[in-house]
Each structure stands twice: as structure tokens, then as C-alpha cells.
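A short write-up of the structure that comes next.
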Amino acid sequence: MAFTVADYTVFVLLLVLSSAIGLFYALSGGRQRTVQEFLLANRSMSFLPVALSLLATFQSAVAILGVPAEIYRFGTEYWFLGCCYFLGLLIPAHVFIPVFYRLHLTSTYEYLELRFNKAVRVCGTVTFIFQMVIYMGVVLYAPALALNAVTQFDLWGAVLTMGLVCTLYTTLGGLKAVIWTDVFQTLVMFAGQLAVIVVGTVKVGGMGRVWQLAADQGKISGIDLSPDPFERHTFWTLAVGGVFMMLSLYGVNQAQVQRYLSSRTEREAVLSCYAVFPCQQVVLCLSCLTGLVMFAYYQEHPPTAAQSQASSDQLVLYFVMDVLKDLPGLPGLFVACLFSGSLSTISSAFNSLATVTMEDLIHPYFPGLRESRATLLSKLLALSYGLLCLGMAYLSSMMGPMLQAAISIFGMVGGPLLGLFCLGMFFPCANPTGAITGLAAGLAMAFWIGIGSLVSNLQAAPSVPALSNSTDFPQASSLTTAIATTLLTSAPAPRRLSGLQKFYNLSYMWYSAHNSSTVILVGLLVSLLTGPTKGATVNPRTIYPVLPQLLCCLPQRYREQLSCGVGRSVEDGSCEEPGSCEEPAPCAPEKTSNGMLNGPVGGLAHVEEAEGEGFARVEGAHTYVLQETSL
């Protein structure tokens, strides 16, 4: 199907308005002259745009195509993923956000140095960079490939246009431009999906008819309470395993944490986490309804021979073109919706990669860098990652069957990084050796299971005719699992599995839980064998006292024992010694606007108390500056 002038006009408007937002923030306000403004939007954002940006960041085009195809093929069981959203956002709001925000971080991985040491920080940073660089090229190229196969939309014209426009507004406008373009692109995504659902439902004969056709064919799933972790989707797999996937994305991922840190107060950051919950449910409902309407439509209007041979992601596009072909402009709206998903994801990748590179790999080794040069270097890093994304998109075009593996890498890495942060935050006895060893073990386990599963499924999958340039996305790819899915989506053949084959058949929804648990268990074991960290030497602001909080009804002396000797922070409502707390003031290493720590490196034996600057407290070899902030 050829696009009309109206369709191209809608698509071009998306690109022009996205660029205009970037130019506006490049020429207004502080004009992105400081690192703080460029990377953190001057910590001035309110909760609503942050919430919509959180939503858009991982609502990629892979998800927009993947979830309807999942519902079309396997039924509505995937819809139960919405059960995990509550805990998956409540825990970040009350555990991770307070810890990160009160430490006044810019990069999430600064936490790892405060809690462990610089080596752990660098390991975490390098792992994240590897994860995002591999993924951002795929998320740009794969949807464009599927679109080209169905509509003959120019493949490399779309890839280059999206890549360059995204690089432009990210480099010029900084995080503030990224957040506001995310807001605009989220509205476009909602509009595109709604248009398909409304028009498709009318053509089928109403939502009642859609539901009846799906129910008659067994596509309306009940609650499967099987505890078997090797079943692809059950209630427990989606509702419990999905919580760990959510935590790996909304708890510790730099792209999301950076948005929390851009909020003007901690309360606004927490509110953004709450506000994204209903938005997530709406997005999941829209995607699932699209799949149901598509199934009902093709029951009434059987697909052509070419459509029957298409991969699942292409079938979604065929459906959209069939439904909207008589309405000029609406096919262009859905294409704009699809590319909005890609733009929001890769712009977040550019900005977060520039942030961790600047804060974790450059600033520590060039502490005397002037503010103007640091800002210019941050912009050049964003530009460089944008050009690298285009290079990775080109490499993706030559991957062939390896494209699925590239998509899977994101999910393989997310779980171990979650485990690393949980190890540091919940277990005061963990030491740097245990953290690095645990991360290595978690990554090894993740790649072993992930790649083993891919190879096993490729060997077991029957050969089926498909379009020569098809790209079968992970079908269970909602805004959370679009980047966490590590299985091929073909339904597993009914066969007996044993040994490693059974192990490789572990549901992908348990990957984050399994891999993060591996990091924690190995990290704790190695820490105990090599000498656990003494609680008195741990900065209490880097610890979340999970056991004392859960067992708050116990007497004070038992809760202190559960704290492993770590002092209580003043905003917890208690003091380390009687009379030692005179005013509630969050502590954090004091930082200048470009993210560097003030004062001598290596700790001080004594620091004079200065008005408005708080006071330093010596704990072993560390010194922490307490600063007053208002929430």
C-alpha cells in the first residue's frame, strides 16, 4: 500500500515538532550552558511530564507491534502483566527514589562508588553502556524494516531521518527537551493506537462482537495459577516475575532514574512514579485491545496468502493498513505513533549514555574540567552516541538471525544490574569483591540461559515460509518487556524436556528474578568468605534497612541488631547516639554543578561546621556532608 500526501504530512509534522521542541530549549532559559541543566534539566521538572516521559522511554516501537501480535497469537493471558505494575512502581517510589535522590546523584552508578568503591562503579557503568549501545541500534532499525516490508516506506530514509532528528533535539535541548518531546510523542502514540482500535471495532461490528469472536476461538484466557516456572505465561509468572522486570527498568535503570533526579523535589519524583501507574494500565489495555480487534477482523476478513506468510510484527502493520486505508492521514498517524516509540526510546538512550560517560568515566579522571568545557563535552557525547546509533542500525541490517539475539541482550543485562544495586542497598555486609564477583556471575548466568534458550528454540522451530526481510519481534514486549524479552516467540512444541533443555525453557518473565538473585547470593557468599564489610564503615544513606522496616514492631535493640551495625540516618526518625541528632537534614556528598565532589578527596579528620553547609561526620575512612534540603 502506498502512502498518500496526507500520511507523509502527518509523519513530517511529528519530526518537525520534535525538532522544534529541542530548538526551543536550546535557545530559551539557561540555553543548556551548564552540565546540571543539560543532563538534569536543572532539577526543575514537575511530576506529570516526568511521568509521561517515564512511560514513553520504554514504550518502544517494538512494544507497539509486539503486544498486539502476542494477543493475536496466544490470547489475553499476557494482560495479567498489569498485576505487577503496582509493586513494580511502589517499590521504586519508596525504596530506590529516596536513596538516590537524597544522595544528590547525577549518574546512578555514583551510588556504587559511595557504597562499594570506584571499581564497582566502573563495572556497572561499562555494563550499562554495552547494554544500551547494542539495543539502541536495533530499536531504530527493526521497526523501520517491518514497516518497509509492508508499506514500501523507504527503509534507510526512515532510519536516517529518525536518527538525525533525535540526535538533533537531544544534543541541542538536553534532558528538558527529551522529556517534553516524550510527552508529545506519548500523546501521538495514544492517538495512533486509539484510531486503529476505534476504526477496527466499527468495521468488525462493535466491541461486543470483537469479544464474542475472540471468546469463541478461545482467545479470552482465564487465570492460570500453575506455579511451574517453565510455563511461558501463568498468573504467577506475570504478576511476580514481572515485578522484577519492572524493578530492573523503573528502579535502577539510568534512563529512568535520571528522570526522577530531574524532579524539583523528592515528593515530585515519588508522585511521578505514582502517576505513571494508571498510564501504564492504559497503554497495556490499548495494546491488548488492538490485538483482540485484529484477531476479530481477520476472523471476518481472512488474510491474504502474503499476509498469512508474514511474521507477527508485519501482520500488525498489514492489519493497520487494511483498516485505515480508506481514511487519508490515519495510516500516517499510526506510522507517527510507531516512530514516536522509537524516538522516545533512543533519545533517552543518548541522554543517559552521555550522562554516565561524563559522570563515571571522564569527571573522576579530569576533576579540574571547567563548567563550559564539561557542558560542551556532554553535548558532544550525546552527538557521538547519536551517530553511533546510526552505525549500530547499519550493523543490525547485517545481523540476520542474530537480530533476535541483539534484542535479547537488554533483558540479559537488566537483571544482574538490579541484583548489584539490591546487594548494596539491602545487605550492609556485602563488600566490593563480592559485588564484582556477583555481577560477573549474574551476567554469566544471564547469557548462558538467554543464549541457550535462543539456540534451543532455533533448533526446535520448524521451518516456515516468511518474507525475506521479516523481523519477528519478541511478542511479549510491552513497555516493560519490550527490552526484557529473551525468548523467541514461537509457541514451544509439545515435547518432553529434561536436563539443560528443561533449564533453557525457563519462562523469560523469571529471567530478571533469577539473574538478580544469582548476583545477590554469589555476592553475599563471596563477601562472607573474604571478610564482610563492617556496618560502622558503611554510609547509612546508601542502605535501605529493609528488615528493620519490615519488622518495625520489634523492640529497638532487636532492630538495631538487624541493621548489622549500620547507623540510622536522621530522616529515618532515629539517631545513632542519644542526643546526636539535633535537626533532620539529609546527607549527601556535596556536589558542584558539574557533578564533582567539593572539598578534599579521601576524607577529612575534622571539618568545621559552617552555616548553611551542614557538618561532616567521620565514619571510618569516609566523610559525609550533611546538607539541609526541603521536600
Side-chain angles (χ1 to χ4, degrees), residues 34-41 43 53-54 57-58 96 99-101 103-137 139 167 170-171 174-175 178-179 248-262 345-367 369 374-389 392 409-410 413-414 416-418 420-421 424 435-436 439 443 483 542 589 591-597:
T34 66
V35 174
Q36 194 68 230
E37 183 178 11
F38 184 73
L39 298 180
L40 287 177
R43 300 186 191 267
S53 182
L54 289 170
T57 296
F58 291 127
F96 294 106
V99 172
F100 291 145
Y101 199 92
L103 287 172
H104 291 220
L105 305 179
T106 300
S107 163
T108 317
Y109 303 98
E110 291 178 72
Y111 167 84
L112 296 178
E113 182 173 358
L114 293 172
R115 173 61 182 87
F116 296 112
N117 60 21
K118 186 172 290 186
V120 180
R121 176 181 182 177
V122 171
C123 287
T125 300
V126 171
T127 303
F128 173 76
I129 291 175
F130 169 75
Q131 176 191 35
M132 294 301 292
V133 165
I134 293 293
Y135 184 70
M136 65 184 184
V139 83
T167 302
T170 304
T171 303
L175 182 62
V178 171
I179 289 176
S248 68
L249 297 178
Y250 286 87
V252 300
N253 187 280
Q254 170 66 28
Q256 304 293 59
V257 173
Q258 196 168 338
R259 279 150 180 74
Y260 302 144
L261 299 175
S262 70
T345 300
I346 59 178
S347 64
S348 299
F350 297 165
N351 195 266
S352 59
L353 284 168
T355 301
V356 298
T357 305
M358 190 69 193
E359 295 296 320
D360 299 327
L361 301 181
I362 295 178
H363 266 148
Y365 303 100
F366 299 93
L369 203 61
T375 305
L376 177 61
L377 186 54
S378 298
K379 293 180 179 180
L380 290 176
L381 285 170
L383 175 63
S384 301
Y385 279 118
L387 298 178
L388 179 61
C389 177
M392 292 305 298
I409 284 175
F410 200 109
V413 176
L417 284 177
L418 171 64
L420 181 62
F421 280 93
I436 293 176
L439 177 61
L443 288 171
I483 48 185
T542 63
K591 297 171 68 177
T592 62
S593 58
N594 68 2
M596 296 305 300
L597 300 180

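Heavy-atom basis, side chains included; hydrogens, waters and symmetry copies ignored. Count residues from 1 along the sequence.
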Query raised in the report: Got a second to check how far N253's CG is from T108's OG1, nearest 0.5 Å?
Result: 7.5 Å
Requested in this report: Would you confirm whether S352, through its side chain, and A349, through its main-chain N or O, come within 3.5 Å as a donor-acceptor pair?
Outcome: yes
Query raised in the report: What is the minimum heavy-atom distance between F100 and G251, and which atoms define it?
Result: CE1-O, 3.4 Å
Query - Short side-chain to backbone donor-acceptor contact, N117 and V120, under 3.5 Å - result: yes
Query raised in the report: Is there a donor in the side chain of S107 and an acceptor in the side chain of R121, or the other way round, less than 3.5 Å apart?
Result: no
Report task. Classify the side-chain pair T355/Q254 by whether it contains a donor and acceptor separated by less than 3.5 Å. Result -> no
Requested in this report: Quick one: do V257 and F96 satisfy side chain to side chain contact (heavy atoms under 4.5 Å, CB included)? Show the steps, please.
Outcome: CA-CA 9 Å; V257 173; F96 294 106; over 6 Å; no
Report task. List the steps and the verdict of side chain to side chain contact (heavy atoms under 4.5 Å, CB included) for L388 and V133. Result -> CA-CA 8 Å; L388 179 61; V133 165; 3.9 Å; yes
Report task. Can you see which heavy atom on L417 is nearest to which on G124, and at what distance? Result -> CD2-O, 4.1 Å
Query raised in the report: How long is the span from the CG atom in L175 to the CZ atom in F38, to the nearest 0.5 Å?
Result: 9.0 Å
Query raised in the report: Do the side chain of Q258 and the main chain of L40 share a donor and acceptor less than 3.5 angstrom apart?
Result: no
Query - Interatomic spacing from CG in L377 to CE in M358 - rounded to 0.5 Å - result: 4.5 Å
**Report entry** Check: L420 and R115 side chains under 4.5 Å, non-hydrogen atoms
**Finding:** no
Report task. Return yes if a side-chain donor-acceptor contact under 3.5 Å exists between S53 and R259, otherwise no. Result -> yes
Query raised in the report: Yes or no on side chain to side chain contact (heavy atoms under 4.5 Å, CB included) for Q131 and F128, after CA distance, side-chain angles and deciding distance?
Result: CA-CA 5 Å; Q131 176 191 35; F128 173 76; 3.6 Å; yes
Requested in this report: Taking all heavy atoms of S248 and all of V252, pick out the closest pair and write down the distance.
Outcome: O-CG2, 3.9 Å
**Report entry** Distance (rounded to the nearest 0.5 Å) between S378 OG and E359 CD
**Finding:** 7.5 Å
Query raised in the report: Any idea which heavy atoms bring Y101 and Y260 closest together, and the distance?
Result: CE1-O, 3.7 Å
Would you be so kind as to tabulate the donor-acceptor pairs closer than 3.5 Å made by side chains of residues 379-387, with sequence neighbours excluded?
{"unit_1": "K379", "atom_1": "NZ", "unit_2": "Q32", "atom_2": "O", "d": "3.0"}
{"unit_1": "S384", "atom_1": "OG", "unit_2": "L380", "atom_2": "O", "d": "2.8"}
{"unit_1": "Y385", "atom_1": "OH", "unit_2": "T357", "atom_2": "OG1", "d": "2.7"}

**Report entry** Lys NZ or Arg CZ of K118 over Y109 ring: under 6.0 Å, within 45°
**Finding:** no
Requested in this report: Could you tell me the separation between the OG1 atom of T127 and the CG atom of L443, rounded to the nearest 0.5 Å?
Outcome: 5.5 Å
Report task. To the nearest 0.5 Å, tell me how far T57 OG1 sits from I346 CD1. Result -> 12.0 Å
Report task. Find out whether E110 and L103 are in side-chain contact, i.e. whether some heavy atom of one side chain is under 4.5 Å from a heavy atom of the other. Result -> no
Requested in this report: Give a yes or no on whether the backbone of L114 and the side-chain of T542 come within a donor-acceptor separation of less than 3.5 Å.
Outcome: no
**Report entry** Non-hydrogen atoms of I129 and L353 that approach each other most closely
**Finding:** CA-CD2, 3.7 Å
Report task. State, to 0.1 Å, how close L261 and L105 come at their nearest heavy-atom pair, and which atoms those are. Result -> CD1-O, 3.3 Å
